Number of protein chains: 2
Amino acid sequence: MARQARSEGDRHSVAPDDRAQPEKGLPAAVVARLTIYLRALNSFLADGVDRVSSDALAEASGVSSSTLRKDLSQLGSYGTRGVGYEVENLLQHLSAALGLTRDWRVAIVGAGNLGRALARYGGFGTRGFDVVALLDTDPQIIGNEIGWLRVTDAANLEAVFERTRANMAVLALPASVAQSVCDRVVAAGVRSILSFAPTILQVPPGVTLRKVDMATELQILAYHAQRGESGGESGQPSAAAAHTQAHDDAARHRGPSA
Amino acid sequence: MARQARSEGDRHSVAPDDRAQPEKGLPAAVVARLTIYLRALNSFLADGVDRVSSDALAEASGVSSSTLRKDLSQLGSYGTRGVGYEVENLLQHLSAALGLTRDWRVAIVGAGNLGRALARYGGFGTRGFDVVALLDTDPQIIGNEIGWLRVTDAANLEAVFERTRANMAVLALPASVAQSVCDRVVAAGVRSILSFAPTILQVPPGVTLRKVDMATELQILAYHAQRGESGGESGQPSAAAAHTQAHDDAARHRGPSA
DNA sequence: TAGATTGTTAATCGATTAACAATC
DNA sequence: TAGATTGTTAATCGATTAACAATC
């Protein structure tokens with residue numbers, strides 16, 4: 001007999017709507033773009049450029065200069081009219097706004113193919129993120145050395161998180177165990193989670209979960225590819241699919257009142 | 001003189017709205033959510049559930065039922081008032097809308113740690129995506145067998161893409177070579193690219209590029225973590241950071257005229 | 001100064017939500 | 001029928017764009 005799916009009440013709808021409203025916070029779309037600007041600025045810095053206009057930075061970032069200036073103006077007034085922005089200075093302010101001036105301690109849970117690849121990916125893109133632990137349940141894998149780390153037993157997850165004072169977790173797990181491990185990670189006090197597990201996860205309010213998933217990305221590509229085809233390869237531009245940097249901007253976060 | 005609005009005589013009231021418009025396409029945010037619904041529906045299906053209400057599906061997907069119904073109604077009228085949606089039926093329609101009823105041939109360029117992990121990740125999340133090639137430039141790696149595949153020489157990229165008729169590419173490359181390889185992939189005729197390279201890439205109109213990047217994700221987490229802290233761990237809910245599934249919805253695509 | 005470019009405003013555009021009539 | 005739930009409309013909310021006054 002097929003069960004009827006029920007709405008299961010609310011797992012976390014309590015939402016005291018406390019109204020204190022201390023600070024609004026940046027819109028999610030803006031935060032996502034700040035990371036792009038950061039990368040573009042680093043690239044300018046590496047090229048020895050020490051000053052950029054909003055036009056140049058916007059072009060390098062793939063956004064309009066209007067959007068760029070609006071975004072930056074939400075952080076403060078870090079440019080000079082008639083001149084532009086100092087690369088190094090703006091980099092500082094962006095880093096500060098994103099919370100990158102401190103170190104974050106990341107534990108990777110799951111040392112399969114993907115977990116190991118992530119652990120070995122030393123640079124971690126930008127400095128500021130230290131991988132402090134790599135956990136797995138497989139006895140064949142526990143104890144192995146990957147990069148700088150030794151794989152520890154996920155059975156001791158709580159102890160490992162406490163010892164390493166990990167405050168971010170990356171989940172590189174099969175879908176089947178992702179939710180239960182996620183729950184343990186949350187119970188261990190972690191409030192920032194990045195999941196590569198191909199499944200929807202539920203977390204309580206106050207925990208930020210982001211999700212990266214190749215299947216999803218390919219599905220979205222498929223949608224656009226399908227659309228781009230109908231017009232034929234005849235060069236008809238109006239039939240062409242969308243293009244250009246489609247980062248994961250505008251990630252939606254529901255506020256604590258949701 | 002502005003023409004007076006005419007009452008238009010109600011000749012044919014329910015204007016079929018068959019505007020010239022070659023088809024507007026779904027908003028990016030909607031497409032992203034469709035992939036989530038797809039996953040949630042598959043999970044219901046696996047649980048033997050064969051009918052869901054918008055409420056139940058919305059909850060499982062982490063969206064409001066209003067949004068869910070609005071999204072689905074853009075595809076057509078696939079529910080039954082008073083009853084709900086048939087899981088299998090809706091799954092069909094979503095798959096069709098996303099272009100998942102055909103097979104896509106994916107070439108992975110870069111067989112380093114990440115590329116190998118992606119190649120081995122056989123299931124590829126959902127069926128419909130066949131990995132047809134895995135390329136690298138490293139002589140130490142070329143010829144190795146990874147999963148079902150043998151690593152081929154990226155020097156022959158064009159030939160390999162033609163032979164395998166790859167129509168999607170996954171870039172798992174260092175930033176330094178990403179743009180030039182990307183250009184070659186585009187020149188080879190691929191119009192759908194998923195990049196894991198930690199750099200901003202430029203592609204011409206008509207090519208859809210999506211980007212996945214751990215550094216970016218961690219930076220966004222850092223922003224929220226930083227915010228969530230000021231209130232202290234004292235359980236003050238209004239100080240809590242955002243929470244819940246933050247998929248990469250709402251990816252921005254600029255139109256071909258940009 | 002004259003030229004350049006920011007920061008900001010107002011207008012536009014798009015997406016989400018609430019509510020309810022349609023209808024199974 | 002009475003109850004349930006969709007599909008859709010109108011209202012709200014938020015984000016992007018264009019334009020320009022401020023100002024270096």
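The shown structure was predicted, so the numbers you read here are calculated from the model rather than taken from an experiment. Every chain is numbered from 1, with letters handed out A, B, ... down the list of sequences.
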Rounded to the nearest Å, what distance is computed from the OH atom of residue A/Tyr37 to the C1' atom of nucleotide C/dT6?
15 Å

I need the full list of salt bridge (charged side-chain N to carboxylate O under 4.0 Å, His left out) pairs touching residues 66-75 of chain A, with sequence neighbours left out, sorted by first then second residue.
A/Arg33-A/Asp71

Over how many whole Å does the gap from B/Leu57 atom CG to D/dA4 atom C1' extend?
17 Å

B/Asp55 has an atom CG; how far is it from atom P of C/dA19, in whole Å?
14 Å

With sequence neighbours excluded, what pairs up with A/Ser195 under the side chain to side chain contact (heavy atoms under 4.5 Å, CB included) test?
A/Leu171, A/Ala197, A/Leu201, A/Leu209

Within residues 67-75 of chain B, the residues having a heavy atom closer than 4.0 Å to DNA chain D are B/Arg69, B/Lys70, B/Ser73

Does B/Leu221 offer a backbone N or O that forms a donor-acceptor pair with the side chain of A/Trp104 under 3.5 Å?
no

DNA chain C-proximal residues of residues 89-98 of chain B, any heavy atom under 4.0 Å
none

For B/Tyr85 and D/dG7, is the shortest distance between a side-chain N/O and OP1 or OP2 below 4.0 Å?
yes

Could you tell me which residues satisfy side chain to side chain donor-acceptor pair (under 3.5 Å) with B/Ser73, sequence neighbours excluded, listed by chain and number?
none

For residues 56-96 of chain B, pull every pair meeting ring pair (Phe, Tyr, Trp, His ring centres under 6.0 Å), keeping only residues two or more places apart or in separate chains.
B/Tyr78-B/His93

List for me each residue that meets side chain to side chain donor-acceptor pair (under 3.5 Å) alongside B/Ser43, sequence neighbours excluded, and say none if there are none.
none

Give me each pair satisfying side chain to side chain donor-acceptor pair (under 3.5 Å) with a member in residues 94-103 of chain A, each pair once, sequence neighbours excluded.
A/Arg102-B/Glu229

Sequence neighbours left out, what passes side chain to side chain contact (heavy atoms under 4.5 Å, CB included) with B/Ala175? Give chain and number order.
B/Pro198, B/Thr199

For A/Thr80, give me all partners under side chain to side chain contact (heavy atoms under 4.5 Å, CB included), at least two apart in sequence or on another chain.
A/Val83

Main-chain N/O of B/Ala215 paired with B/Asp213 side-chain donor or acceptor, under 3.5 Å:
yes

Does A/Ser66 reach a base, just sugar-phosphate, or nothing at all? Heavy atoms under 4.0 Å.
base

With a 4.0 Å limit, can you tell me whether A/Arg81 has a side-chain N or O closer than that to the phosphate oxygens OP1/OP2 of D/dA21?
no

Is DNA chain D part of any stem, that is, at least 3 consecutive Watson-Crick or G-U pairs with both distances under 3.5 Å, and where?
C:3-24 with D:3-24

Start at the 5' end of DNA chain D and walk down; is the nucleotide closest to B/Gly84 or to A/Gly82 reached first?
B/Gly84

Return the set of residues passing side chain to side chain contact (heavy atoms under 4.5 Å, CB included) with A/Ala97 (not counting sequence neighbours), or none when no residue passes.
A/Leu75

